[in-house]
Protein chains: 2
Amino acid sequence: MTAAELTTEEIVVLRDAARRDYDDLVAKKLSLDLTRGKPSSAQLDLSEPMLDILQGDHTAADGTDLRNYGGPAGLPELRDIFGPLFQVPSAQLLAAGNSSLELMHDTIVQALLGVMPGAERRWADEERLVFLCPVPGYDRHFSICERFGIEMVPVAMTPDGPDMDEVERLVAADPAVKGIWCVPKYSNPDGTVYSDETVARLAAMPTAAPDFRIFWDNAYAVHHLTEERPEIADILTRCSESGHPDRVFVFGSTSKVTMAGGGVAFFGSSPANVAWFAAASAKRTIGPDKLNQLRHVKFLKDGAGVEAHMRAHAEIVWPKFEAVDKALTEQLEGSDLASWALPKGGYFVALQVLPGTASEVVRLAKEAGIALTPAGATHPYGKDPEDSWIRLAPTVPVLADVATAMAGVATCVRLAGFDKLLADRA
Amino acid sequence: MTAAELTTEEIVVLRDAARRDYDDLVAKKLSLDLTRGKPSSAQLDLSEPMLDILQGDHTAADGTDLRNYGGPAGLPELRDIFGPLFQVPSAQLLAAGNSSLELMHDTIVQALLGVMPGAERRWADEERLVFLCPVPGYDRHFSICERFGIEMVPVAMTPDGPDMDEVERLVAADPAVKGIWCVPKYSNPDGTVYSDETVARLAAMPTAAPDFRIFWDNAYAVHHLTEERPEIADILTRCSESGHPDRVFVFGSTSKVTMAGGGVAFFGSSPANVAWFAAASAKRTIGPDKLNQLRHVKFLKDGAGVEAHMRAHAEIVWPKFEAVDKALTEQLEGSDLASWALPKGGYFVALQVLPGTASEVVRLAKEAGIALTPAGATHPYGKDPEDSWIRLAPTVPVLADVATAMAGVATCVRLAGFDKLLADRA
C-alpha cells in the first residue's frame with residue numbers, strides 16, 4: 001500500500017508504532033558500525049598465509065632480485081595474473097603500491113602538472129576543469145576532485161550505468177569536461193553492472209575535450225557474491241576500436257582480495273598513456289614493493305586461484321548482504337518509504353529513502369548506536385540534493401550484528417518516513 | 001710532483017705508460033658496474049629474516065588490525081624507533097610507503113597544488129620557482145625540480161656543507177628561491193657531514209620567501225662505516241629556536257637499512273607542516289602498508305637493533321670503500337690528476353678529476369667494461385660546468401671486483417689527465 005492511499009490517521013498509527021520500535025531500539029544501547037567498505041577480520045584471515053609465504057624466496061621468474069630497487073612496472077608474473085581480470089594486456093598493466101586510490105590521485109596530479117597524450121596543455125593551465133560524477137557514487141573520488149578544484153557535475157545512475165544521454169550531451173557540449181568517474185562492475189554503492197551498450201557509448205561518444213578521460217575504477221572486478229559472473233564489456237578495446245585509444249585509465253587493486261592495507265594496486269591503459277604515466281612517475285619512484293607482489297603471486301598463483309579465493313570471501317560476505325535484504329524486506333517491503341536492489345557483488349547496498357529523510361535516518365540510527373555513512377557522501381561535495389541516498393556497508397560486523405543493525409536501520413527509515421509524510425500533510 | 005713541474009716530455013712518457021696500462025685493461029674485457037647506490041645481495045641477505053617474521057602476528061601494540069585500511073600516520077612503534085634516529089619527535093614523524101624519493105616528490109607536488117603553512121599562494125601560481133642545489137649532489141633530487149620546471153642554482157659544497165655565504169646571499173636576495181636540497185650526513189656523493197655551524201646558519205638565515213623550505217634528505221642517518229659516530233645538529237630544533245619552525249622537511253628511509261625495494265620511508269617536520277602534509281595526503285591514501293612496518297619493528301626492535309644491524313652492513317661495505325681509496329692512492333696519490341676524500345659513511349665516493357676530463361674518464365671506463373655514473377649527474381640538468389666530478393658507487397660489486405674496477409678507473413683518470421695536460425700545452 002502506498003502512502004498516498006493511507007489516511008493521515010492511518011499514518012499516525014504507523015508512525016507511533018515506528019516510534020515505539022525506535023524507543024525499544026535505543027534501549028538496546030547498540031554500538032554497531034556500517035560506515036566503511038572494509039573487509040572483516042574473517043576475510044583478512046583468508047589471506048593470512050600470504051604473509052609468511054616467501055620462505056627465503058625473493059627472486060622473479062627472470063632472475064631479478066626483488067629485494068632491491070627497480071622494476072617500476074611491477075612484477076611481470078603478477079601483471080600476468082591480473083591482466084585478464086582487469087581486461088588489460090599485461091604489458092599495459094602496471095603493478096604499483098598498496099592503493100588504487102593513490103594511483104587515481106596521482107594520475108590526476110600528473111595530468112595537472114604534465115601534458116597527457118592528446119592534451120593541448122597541462123590541466124593546471126586550463127581555466128576550468130569538470131568531471132562527471134555518476135550518482136550515487138564513491139566519496140573518495142569526489143574528494144580528489146574537490147581538493148584540486150575540479151568542478152563536479154552529477155549524472156544519475158540507471159540500472160545500465162550512468163544516464164548516457166546526459167553523459168553524451170555534457171561531454172559534447174563543453175571542452176572543460178575532462179573526465180568521468182566510473183565503477184563499472186558492482187558500482188559503489190548501488191551495485192550496478194554497466195551494460196555493454198553503456199560501455200560502447202562511453203567509448204564511442206564524441207567529446208569536446210581532446211583529452212577527455214574515463215577513470216575506470218574496476219574496484220570489484222572479481223568480487224562476485226553469487227554464482228553469477230556478469231562480465232562488463234572490454235572498455236580498453238572498445239575505446240581503441242572507436243578511434244579513442246587513449247580515452248580510458250583502468251584502476252584496480254587486491255585491497256579487497258588479500259590485505260586491505262597491504263595489497264597491490266594496478267594501473268592499465270593504452271600504450272601511449274602507460275608510457276606517459278610511467279615516464280612521469282619515473283621521477284618519483286624507485287620501484288614498487290616487489291616482495292609484496294611476489295607474495296601475491298605465490299599465494300594467488302593464477303586466475304583460478306583468485307576465483308577460488310574470492311569464493312571464500314563470498315561465503316563470508318553474501319550472508320551479510322542477504323541479512324541486509326531480509327531486514328529491509330521485513331519492515332519496508334510494499335511501502336514506498338524505501339527502495340533498494342540487492343547487489344550480487346561488491347561491498348555496498350544503496351538504500352533510497354523518501355526524499356528529505358536520508359539525513360534524519362542517519363541521525364536516528366546514530367542516536368540508536370548504529371553508525372552509517374553520512375547522508376550525502378554518495379554525492380559530490382557531500383550534498384545529495386534529494387537527501388534520499390544512504391550507503392550501507394555490511395562487511396565489517398559479524399552476521400548477527402548486520403541483522404541487528406539493519407533491523408534498526410529499517411525502523412529508523414519507518415520513523416523518519418512516516419514523520420515526513422505527516423509533515424508534508426500538515 | 002704537480003703537472004706544472006713536469007716537462008712536456010716527462011708527461012708524454014707518463015701518458016704513454018698510462019696508454020699501455022689502459023690497453024691492458026681493455027684486453028681484460030671486464031664487465032663491472034659502479035653506477036648506482038644499491039645494496040649488494042650480501043647486504044640484503046642481512047634482512048632476509050624480516051620477510052617471514054610475522055608468523056601470524058598482524059596486530060599493533062594498541063590492538064589495531066594492521067591488515068586493514070587506515071592508520072595514515074604509520075605504525076607508532078616504528079615511528080618511535082626512528083624518531084630519535086632522524087631527530088624528529090615521533091609524533092611529528094610519519095611512516096609511509098617504500099620510498100623517501102616519493103615523499104620528496106609528493107611534498108613538492110602538494111606545495112605546487114596546495115598552500116603550505118606560511119605560503120602566500122600555491123607554488124604552481126608563482127611566476128618563478130628556484131631551488132638551491134649544493135654540488136656535487138644527487139641526480140634524483142635534480143630530476144624532480146627539472147620535471148616541475150623549478151630552476152636550479154648550484155652552490156658549491158665545502159668540507160662543512162654548502163657554501164653558506166653563498167646560500168645566505170641567494171635566499172636573502174630573491175623571493176623566488178623557495179628551497180634547498182640537503183643530504184646532511186655522508187652527503188651524496190661526497191660524504192660530507194654538515195658542521196653544526198652550517199646547520200645553525202641554515203636554520204637562522206633570513207629568507208626573502210616566507211615559505212622557504214629545506215629539503216633535508218637524511219638518507220644516511222645511520223649508515224656509519226667506521227667506529228666514528230658523527231652527529232649532525234638537530235635542524236628541526238634549530239629552526240624552531242631561530243623562529244622558523246616550519247622551515248624544514250626531514251626525509252629518510254630504511255631502503256638501505258633493510259630492503260631497498262621493500263623498506264619504509266619517513267616524513268618529519270613541524271606540527272604545522274605535518275598537519276598540512278597529512279591533510280593533503282588524506283585525499284590520496286588509504287594508509288601505508290602497516291604489515292611491512294610491523295615486520296620492521298619485529299626485526300629491528302629498537303635503536304640498538306638498528307645500530308647492530310648497520311654494523312653488519314658496515315662490515316660488508318667498508319672494505320669496498322677502503323678498496324676504492326687504495327686503488328686511487330696507488331695510481332694517483334701525489335699527482336694533481338685527481339682528488340677525493342674517503343667518506344666514513346654513506347654509499348658514495350666523489351672523485352674530482354682534472355677539469356674537462358670527467359666525461360672522458362667515464363667514456364674510457366665504459367670502453368674498458370666499467371660502467372660509471374654519467375659525468376654531470378652530480379649537477380643540475382646533468383651538466384657539470386667544470387666536467388670534473390665523478391660519482392663512484394662501490395656497494396654492488398663484490399670486493400675483488402671493486403678493487404679491479406677502481407684500478408681500471410684510476411688508469412682511465414691517468415690517461416685522460418695526461419692527455420689533457422698535453423693538449424693544454426699544445
Side-chain angles (χ1 to χ4, degrees), chain A residues 36-41 44-45 47-48 51-58 65-71 97-102 104-106 109-110 112-114 124 140 143-144 146-149 253 255 258-263 280-292 295 396, chain B residues 36-41 44-45 47-48 51-58 65-71 97-102 104-106 109-110 112-114 124 140 143-144 146-149 253 255 258-263 280-292 295 396:
Chain A
R36 290 233 67 106
K38 296 164 66 168
S40 63
S41 296
L44 296 167
D45 288 344
S47 303
E48 188 82 26
L51 300 181
D52 289 303
I53 207 167
L54 291 182
Q55 300 295 326
D57 188 4
H58 52 249
D65 186 338
L66 299 172
R67 301 173 301 180
N68 224 320
Y69 294 117
N98 73 327
S99 161
S100 56
L101 187 76
E102 290 186 1
M104 293 182 249
H105 174 281
D106 291 354
V109 162
Q110 300 294 5
L112 284 163
L113 298 176
R140 283 182 173 274
S143 297
I144 293 174
E146 195 168 357
R147 186 255 183 281
F148 294 125
S253 81
S255 295
T258 56
M259 295 297 175
S281 303
K283 306 305 181 196
R284 175 178 185 270
T285 185
I286 50 93
D289 182 347
K290 300 172 298 297
L291 292 167
N292 203 40
R295 283 186 197 100
V396 174
Chain B
R36 291 233 65 106
K38 295 164 66 167
S40 63
S41 296
L44 296 166
D45 287 345
S47 302
E48 188 82 28
L51 299 181
D52 289 303
I53 207 167
L54 290 182
Q55 300 295 325
D57 188 4
H58 52 249
D65 187 337
L66 299 172
R67 301 172 302 180
N68 224 319
Y69 293 118
N98 73 327
S99 161
S100 56
L101 187 75
E102 290 186 2
M104 293 182 249
H105 174 281
D106 291 355
V109 162
Q110 300 293 6
L112 284 164
L113 298 176
R140 283 183 172 273
S143 296
I144 294 174
E146 194 168 358
R147 187 255 183 281
F148 293 124
S253 81
S255 295
T258 56
M259 296 296 176
S281 303
K283 306 305 181 197
R284 176 179 184 272
T285 185
I286 51 92
D289 182 348
K290 300 173 296 298
L291 293 167
N292 203 39
R295 283 185 197 100
V396 173

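Protein chains get the first letters and strands the later ones, always in sequence-line order, with residue 1 at the start of each.
Contacts between A:A280 and chain B at a heavy-atom distance below 4.5 Å involve backbone atoms as well as side-chain atoms. For A:D65, the part sitting under 4.5 Å from any heavy atom of chain B is the side chain, from C-beta outward, and nothing else. Only the side chain of B:L291 comes within contact range of chain A, with heavy atoms under 4.5 Å apart. With a threshold of 4.5 angstrom between heavy atoms, A:S41 approaches chain B through its backbone and through its side chain. There is no contact between A:R36 and chain B, counting heavy-atom distances below 4.5 Å. Using a 4.5 Å cut-off between heavy atoms, A:Q55 touches chain B through backbone and side chain atoms alike. Heavy-atom distances place both the backbone and the side chain of A:Y69 under 4.5 Å from chain B. At a 4.5 Å heavy-atom cutoff, the contact between A:L54 and chain B is made by backbone and side-chain atoms alike.
When each of B:H58, B:R147, B:R284 is checked for heavy-atom pairs under 4.5 Å with chain A, B:R284 comes out on top. For the set B:A124, B:P288, B:G263, the entry with the most heavy-atom pairs within less than 4.5 Å of chain A is B:P288. Between chain B and the options A:L112, A:I144, A:N292, A:V109, heavy-atom pairs under 4.5 Å are most frequent for A:V109. Ranked by heavy-atom pairs under 4.5 Å with chain A, the list B:R140, B:K38, B:K290 is led by B:K38. Between chain B and the options A:L113, A:D52, A:D45, A:T285, the largest number of non-hydrogen pairs under 4.5 Å is found for A:D52.
To the nearest 0.5 Å, atom CG of residue A:L51 and atom CD1 of residue B:I53 are 13.0 Å apart. To the nearest 0.5 Å, atoms OG (B:S281) and CD (A:E102) are separated by 9.0 Å. Atom CD in B:E48 sits 5.0 Å away from atom CZ in A:R67 (nearest 0.5 Å). Atom CG of A:D289 and atom OG of B:S99 lie 11.5 Å apart (nearest 0.5 Å). Note that CG of A:D106 is 6.0 Å distant from CG of B:D106, once rounded to the nearest 0.5 Å. Between atom CG of residue B:L44 and atom CG of residue A:L66 there is a gap of 11.0 Å, rounded to the nearest 0.5 Å.
One N or O on the side chain of B:N98 and one on the backbone of A:G287 form a donor-acceptor pair closer than 3.5 Å.
In plain terms, the two heavy atoms of B:A260 and A:N68 that are nearest each other are CB-OD1, 3.3 Å.
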